[in-house]
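I have placed the structure first, in the form of structure tokens, so that the comments after it can refer back to it.
Each ligand, and each atom within it, is numbered from 1 in the order the structure gives.
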Amino acid sequence: MVPTSPASAREILTGLHDVMASRASAQAKLNNVVRIIAEAMASEVCSIYLLRDGVLELFATVGLNQSAVHVTRLALGEGLVGTIARDVAILNLDEASRHPEFAYRPETGEELFHSFAGVPIVRRERAIGVLSVQHAEPRAYVDLEIEALQTVAMVLSELIANAGLADKAASEATAREAGPMRLSGLKLVTGMGGGIAVYHQPRVLIEHTVAEDIEAERHRVYSAFRKMREQIDTMTSLAEFGTAGEHQEILETYKMFAYDEGWSRRINEAIDSGLTAEAAIERVQQRTRMRMREINDPLLQERMHDLDDLANRLLRIVSGQLGTAAQTGLRDDAILIARNLGPAELLEYDRRRLKGVILEEGSLTAHVTIVARAMGIPMLGRIRNIRQAIGEGDLVLLDGNEGVAFVRATGPVEEAFKSKQAAGRKRLADYAALRDLPPVTKDGTRITLMINAGLRDDAAALQLTGADGIGLFRTEFQFLVSATLPRRESQQRLYRAIIEEAGDKPVIFRTVDVGGDKALPYIEVGNGVGEENPAMGWRALRLALDRDGLMKAQARALLEAAAGRELNIMFPMISEPWEFDAAKAIVEHQREWLAGRKKLLPAKINYGAMLEVPALAEMLDMLLPKIDFLSIGTNDLTQFLFAADRANPKLAERYDWLSPAILRFLRRIVRTSKDYGVPVGVCGEMGGRTLESMALIGIGVERLSITPAAVGPVKAMIRSLDRGQLVPELEKLLASGRADLRTALSDWAQAHDVAIG
Ligand code: PEP
Ligand code: MG
């Protein structure tokens, strides 16, 4: 009987259900399974191969010689069975011997059979065995037959895992099976770290495959679909993609799949055949995955990836396994794997165990990258199809300095990595030796070198690096790590702790910059309408001036925290000078209020503006007389100058900070500020890179606020630089119209022994 309808597939499953429930040994169960399938499919042969010690062993068969059981062994990639397991792909052949990989094994007696169909038995997306059928006559198998085999393979995967039949730790086996791999991506945060791969959204492990009550399973899948569609709709309409780093395009694809009738119908049919909701979703997904692989079209593969994500979301809903890995907690040193992350999501992880992050997307100035940098966690981005390359539990060695990750590395690679890591520590120690030396150029220009911070622990970096102060304290980090709006008292405690730890060194507090890619669950950005361009939306000071309760509370907290000392405060995303006035007025109002109550006030308040909106550069003559200092936020400024979303991975490498347009623009701001006698500095990520900071010094910047890890390298660069030689060279380059300043500057640095690392 050929199972041409779901009902007959269900008969197979009913048979299997009884086998699974019996008290027979695992081997006896497998013997029964092959018998049931051979009967149902009227095939002369049905065999099961399992992966043992990295080799596929014939475990049970009807139709092949019984003496071949536990004797016939095939390496991965060897013969048809080995090919199926290696590629995790189906083979459906009417004439098996014509396939180029066909390997004849005399002990099995298989020359008698013409047609062959085999499916991988999959666990955690990798093959742990193969199920095959053979017929004496040449015939191609129909879709329903293949699907029936896949259904059985799903059930077998449960049986095999429960009985510990395949290589004991499936993940160990698959690790060897998949072999070592080197992935290269975009360097987001430098540093090195190793650990076990952990998916931010863990894969759902399916425990029960055979349904007890088909109607109940159908019901579960219906309501999961409903929930998933609701989620996608909300994400699309409320522009939540800003938070999770998901983009419009992906959401559109999600939506298309979420409402795809074909997909839900296939899942329903799989349930009809007797699978649980989870197993049905997974089986349909496996089938689609394999089909897409056969088509081998890069565009479709991309789509497949989105569908995979969505299927995983559906699985998580149906199984109730909703938490992220941060909620479950990291048990070992870990490398986190995700499509993308929001800054708040990253902050949920235990810093001590988190040794690195690998993202499929990611860009240099996205806030999650800045947070990772602040946390000192190496990060790699732009690795495609990451979950195919890295399995949960794989050992991953991440080298953020080179932009590579070694997956399932073997001895020599691991040793080389460790020795490089040790050399890196040594280099850090060398930089530490620079700690007490001033950042002065060879020709005597003293650069003020400060650090960017945002977390309570960051203040410690002041001592470690010997930096001149905190040039940018991102106060919104406290808001991002908190589930509810931080109270004024807790804001005040944090600011005071930072000021105290900084001692004599200045700390520049930037008022809350939320919105954009820093969304907060408790502040609805976009008035429920959804923002198409959150980076250019209602964020930072714009939001703070409209909802001034937040700003008032923060101003009070800052004034109280700095009582008796000097307070430095700056406002983000000022587009027009009046916004500075309005923000300053809020702080001044709070100061008067405190003064009226005879409270101890800061000894002095210095007010600064961030220049990150290009329009403000045109208004400097109005702004500069009002302010005590100017800080250029190159992350936002350059995204607006180039009209290139800083969080969009597709643009991550498109525009260069060392382009003439940016350097000329910055030079103009620096010159004007100097004309007005207003101190000007750069606090964007650009300043933390040696070649970029060299160029900044070349256009006249004398204050930098950078990520703590960059203080050593940037100081080494400064101390090896003759500024007097660089300035005319850079002027010449900027006048020449030459586009590739990076190459020119790096050649110049090398020729002049400037330590650019
Ligand atoms: C900037 O935009 O350069 C900046 C320093 O602010 P943030 O990165 O927090 O937006
Ligand atoms: Mg900014």
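- The shortest separation from a heavy atom of Met610 to ligand 1 is under 4.0 Å, placing the residue in contact.
- The part of Thr634 lying near ligand 1 is the backbone, judged by heavy-atom distances below 4.0 Å.
- By the 4.5 Å heavy-atom criterion applied to side chains, Tyr495 and Glu560 are not counted as neighbours.
- Counting non-hydrogen atoms of other residues, nucleotides and ligands closer than 6.0 Å to CZ of Arg719 gives a total above 12.
- Using a 4.0 Å cut-off between heavy atoms, Ile632 makes no contact with ligand 1 at all.
- No other N/O/S atom of Asp636 lies as close to the Mg ion (ligand 2) as OD2 does.
- Looking only at heavy atoms of the protein, atom 7 (P) of ligand 1 is closest to His367 NE2, 3.3 Å.
- Under a 4.0 Å criterion applied to the non-hydrogen atoms of Gly684, ligand 1 contributes the atoms 3 (O).
- Each of the following atoms of ligand 1 lies closer than 4.0 Å to a heavy atom of Ile370: 8 (O).
- The Mg ion (ligand 2) lies closest to atom OE1 when only the N/O/S atoms of Glu612 are considered.
- Using modelled atom types and a 3.5 Å distance limit, the side chains of Arg542 and Ser575 yield a donor-acceptor pair.
- Using a 3.5 Å distance cut-off with no hydrogens or angles, the side chains of Asn340 and Glu360 do not pair a donor with an acceptor.
- Residue Leu472 has at least one heavy-atom neighbour below 4.0 Å for each of these atoms of ligand 1: 5 (C).
- In this structure, Arg510 counts as a contact residue of ligand 1, since one of its heavy atoms falls inside 4.0 Å of the ligand.
- Contacts between Asn452 and ligand 1, counted as non-hydrogen atom pairs separated by less than 4.0 Å, are absent for every part of the residue.
- Taking the six-membered ring for Trp and thresholds of 30 and 60 degrees, Phe642 and Tyr655 have nearly parallel ring planes, at less than 30 degrees apart.
- Close contacts between ligand 1 and Asp513 involve ligand atoms 10 (O) [criterion: under 4.0 Å to a heavy atom].
- Contacts of Leu637 with ligand 1, taken as heavy-atom pairs under 4.0 Å, are absent altogether.
- Ring-plane geometry between His200 and Tyr349 is classed as tilted, the angle between the planes lying from 30 to 60 degrees on a 0 to 90 degree scale.
- By the 6.0 Å contact criterion, CD on Glu566 is enclosed, its count of non-hydrogen atoms from other residues, nucleotides or ligands being greater than 12.
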message: Before you tell me yes or no, could you show the steps for Leu630 and Leu620 under side chain to side chain contact (heavy atoms under 4.5 Å, CB included), namely the whole-Å CA-CA distance, both residues' side-chain angles and the distance that decides it to 0.1 Å?
response: CA-CA 10 Å; Leu630 186 72; Leu620 285 176; 4.2 Å; yes

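- Thr475 contributes a side-chain N or O that, together with a main-chain N or O of Val512, makes up a donor-acceptor pair within less than 3.5 Å.
- Compare Glu685, Glu612, Arg474 by their heavy atoms: the one nearest to atom 2 (O) of ligand 1 is in Glu612.
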